[in-house]
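Remarks on the structure that follows.
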Amino acid sequence: MINVGVIGVGMIGQDHIRRLSQVLSGARVAAVSDVDSDRARSVAAGLPGGGAGAGAGAGVAVHDTGEALIADPAVDAVLVTSWGPTHEAYVLAAIDAGKPVFCEKPLASTQEACSRIVDAEVATGRRLVQVGFMRRYDAQYRAMKEVVAGGSIGAPLLMHAAHRNPSVPPHFTSDMIINDSAVHDIDVARWMFDEEIASVTVFKPRQNRKAAPGLNDPLLLLLRMTSGVLVDVEASLNASFGYDIRGEVVCEDGTVELSESAGAVVKRTGGYGARVPADWRERFARAFDTEFQEWLDTITAGLEPTGPSCWDGYAATVTCDTGLAALRSGASEPVVLRDRPDLYKTAATS
Ligand code: NAD
Ligand code: ISE
């Protein structure tokens, strides 16, 4: 049984706590921490053994700081689900403590911070960190990658992708369309074709009337892979009708695409239809489950994580930064990465 400590118990933190405690096997939430201490206490109180103070036997400990949680000997592994700019300090502290750490995206919010994490992990000589790019665990994306890698429909030429959110909170900015939303599509492109992104161009279509003033919604990103494969990504924030994730890879002898729906398709007089997911929690629920079960299984076996690595987190953040530069310049901007350390020479398997 892996005792997991969770730092940041907001929306996704609570969703992951639910899956760790109620859906998956082999884990127990042993401790929580949040700058909002009332929220941390209330989340702990809702868990089996909850309500107890820090260090209290088999209860769920509530720590004042993330650092105290990481240092708690009762915590075997750390889950970081706090705001992006706070990730670096917690991931570095977990590496320093020699504890496996699962960090939600982004690994860190600047490329310099990601690079410091890469250096710290490389210095230990082994992987301790996994980054939360859950699309790699989605059954449809996995099937798509298998077809592309299998070569049965020839070499890939293009990928079309759409990432449509029904709506976003008022604090959402144009930059966040790239580094909070499209970062997933950037990771998918790198993983799908097992190669880096060479350049990014960003186009601004006509603005959606539902978008807040000044918000460039939607955006169209054009990613050129090092092999020349082109990936276009429509990133929309106010699709209204639901959370719609689309992907199609065009190869020399055929195409492969994500299915319309994972659920049942209903036909009735005059038409047919299926459910559109309400949000990312619904669309990727099974992917998150698989992501965490595989992470727990590797840790339990004493192995290094096989999922998205610090290198993947670093490359995604650098590519997002390049996208921000392209948004401002209107030109194609080159992605410039540091040398890939030997620890990450083999691509993550998930
Ligand atoms: P949220 O605002 O709902 O929750 C964040 C929580 O972290 C809050 O409770 C906040 O009080 C707490 N917090 C902030 N700073 C902290 C600190 N220094 N120490 C401890 N706690 C702190 O945000 P969210 O939507 O749950 O997002 C959290 C993270 O998860 C973000 O990095 C976000 O990008 C990521 N995320 C990933 C996905 C995905 O699809 N993989 C989806 C949503 C969010
Ligand atoms: C959110 O933070 C996520 O990571 C979701 O997967 C993404 O679809 C959404 O656009 C982001 O805001």
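Start at 1 and go down the list; that is how both ligands and their atoms are numbered. Note that the structure is predicted; figures quoted are calculated from it, not measured. For the single chain, residues carry numbers from 1 onward in sequence order.
A pairwise comparison of heavy atoms in Val335 and Ile197 identifies CB-O, 3.2 Å as the closest pair. Here the shortest heavy-atom pairing between Ala182 and Leu221 reads CB-CD2, 4.0 Å.
Ligand 1 has no nitrogen or oxygen under 3.5 angstrom from a nitrogen or oxygen of Trp280. In terms of polar-atom proximity, defined here as any N/O pair under 3.5 Å, Ser33 makes no such contact with ligand 1. Considering backbone and side-chain N/O of Met11, one or more are found under 3.5 Å from N/O of ligand 1. Residue Trp280 has no nitrogen or oxygen atom sitting less than 3.5 Å from a nitrogen or oxygen atom of ligand 2, judged on distance alone.
Under a 4.0 Å N-O distance rule, the pair Glu260/Arg246 qualifies as a salt bridge. Salt bridge present: Lys345 and Asp342 bring a charged side-chain N and a carboxylate O closer than 4.0 Å. Using a cut-off of 4.0 Å between Lys/Arg side-chain N and Asp/Glu carboxylate O, Arg28 and Asp76 are scored as not salt-bridged. Under the 4.0 Å criterion applied to side-chain N and carboxylate O atoms, Arg135 and Asp187 are not assigned as salt-bridge partners. Ion pairing of Lys105 with Glu291 is absent here, as no side-chain N (NZ or NE/NH1/NH2) approaches a carboxylate O to less than 4.0 Å.
Atom 11 (C) of ligand 2 has Asp180 OD2, 3.2 Å as its closest protein atom, hydrogens excluded (heavy atom only). Ranking the protein heavy atoms by distance from atom 2 (O) of ligand 1 puts Trp83 NE1, 2.7 Å first. Regarding atom 6 (O) of ligand 2, its nearest protein heavy-atom neighbour is His184 NE2, 3.1 Å. Looking only at protein heavy atoms, the nearest one to atom 10 (O) of ligand 2 is Ser181 OG, 2.7 Å.
Phe102 and His16 have perpendicular rings, their planes meeting at more than 60° on a 0 to 90° scale where under 30° would count as parallel. Taking the six-membered ring for Trp and thresholds of 30 and 60 degrees, His163 and His184 have ring planes inclined between 30 and 60 degrees apart.
Contacts between Lys105 and ligand 2 below 4.0 angstrom, taking non-hydrogen atoms only, involve the side chain exclusively. Looking at Met134 against ligand 2, only its side chain comes within 4.0 Å, counting heavy atoms. At a heavy-atom distance under 4.0 Å, atoms from both the backbone and the side chain of Ile12 approach ligand 1. With a heavy-atom cut-off of 4.0 Å, Phe284 does not touch ligand 2 at all. Residue Asp180 touches ligand 1 through its side chain alone, judged by heavy-atom distances below 4.0 Å.
Under the 4.0 angstrom criterion for non-hydrogen atoms, Phe133 is not in contact with ligand 1. Contact analysis leaves Phe284 out of contact with ligand 1, as no non-hydrogen atom separation drops below 4.0 angstrom. Within the 4.0 Å heavy-atom shell around ligand 1 one finds His184. Proximity of Ala40 to ligand 1 is not established, as no heavy-atom distance is less than 4.0 Å. Ligand 1 lies less than 4.0 angstrom from a heavy atom belonging to His87.
Atoms of ligand 2 found under 4.0 Å from any heavy atom of His163, numbered from 1 in the order shown, are 7 (C), 8 (O), 10 (O). If you number the atoms of ligand 1 from 1 as listed, the ones under 4.0 Å from a heavy atom of Pro106 come out as 32 (O). For ligand 1 and Gly132, the ligand atoms under 4.0 Å from any heavy atom of the residue are 41 (N). Of all the atoms in ligand 1, the ones that sit under 4.0 Å from a non-hydrogen atom of Thr86 are 15 (N), 18 (N). Each of the atoms 20 (C) of ligand 1 lies under 4.0 Å from some heavy atom of Ile7. Taking every non-hydrogen atom of Phe172 and a distance limit under 4.0 Å, the qualifying atoms of ligand 2 come out as 12 (O). Residue-ligand proximity, Ser82 to ligand 1, at heavy-atom distances under 4.0 Å covers atoms 7 (O), 13 (N), 16 (C), 21 (N), 22 (C), 28 (C), 29 (C), 31 (C), 32 (O). Close contacts between ligand 1 and Val35 involve ligand atoms 11 (O), 13 (N), 14 (C), 15 (N), 16 (C), 17 (C), 18 (N), 19 (N), 20 (C), 21 (N), 22 (C) [criterion: under 4.0 Å to a heavy atom]. Atoms of ligand 1 found under 4.0 Å from any heavy atom of Met134 (numbered from 1 in listed order, with element): 40 (O), 41 (N). The Asn165 neighbourhood of ligand 2 comprises atoms 8 (O), 9 (C), 10 (O), with distances under 4.0 Å to a heavy atom of that residue. The ligand atoms of ligand 1 that sit less than 4.0 angstrom from a heavy atom of Gly84 are 32 (O).
With 3.5 Å as the limit, one finds a donor-acceptor pair spanning the side chains of Ser236 and Glu234. Side-chain contact, Asp312 with Ser309: a donor N or O sits under 3.5 Å from an acceptor N or O.
One finds the CD atom of Glu196 at 11.5 Å from the OG atom of Ser227 (value rounded to the nearest 0.5 Å).
At least one donor-acceptor pair closer than 3.5 Å links the side chain of Ser174 to the backbone N or O of Asn216.
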Tell me which donor-acceptor pairs under 3.5 Å the side chains of residues 313-325 have, and how far apart each pair is, sequence neighbours excluded?
from	atom 1	to	atom 2	distance (Å)
Tyr314	OH	Arg338	N	2.8
Thr317	OG1	Ala108	O	3.3
Thr317	OG1	Gly313	O	3.2
Thr319	OG1	Ala315	O	2.7
Asp321	OD2	Gln111	NE2	2.8
Thr322	OG1	Val318	O	2.8

Problem set entry | Verdict with reasoning, Arg116 to Asp119, per salt bridge (Lys or Arg N to Asp or Glu O under 4.0 Å) | CA-CA 5 Å; Arg116 285 190 286 271; Asp119 288 339; over 6 Å; no
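Just one residue in the list Arg283, Arg275, Arg164 forms a salt bridge (charged side-chain N to carboxylate O under 4.0 Å, His left out) with Asp244, and that residue is Arg164.
Scanning Lys105, Glu67, His63 for the heavy atom closest to atom 32 (O) of ligand 1 points to Lys105.
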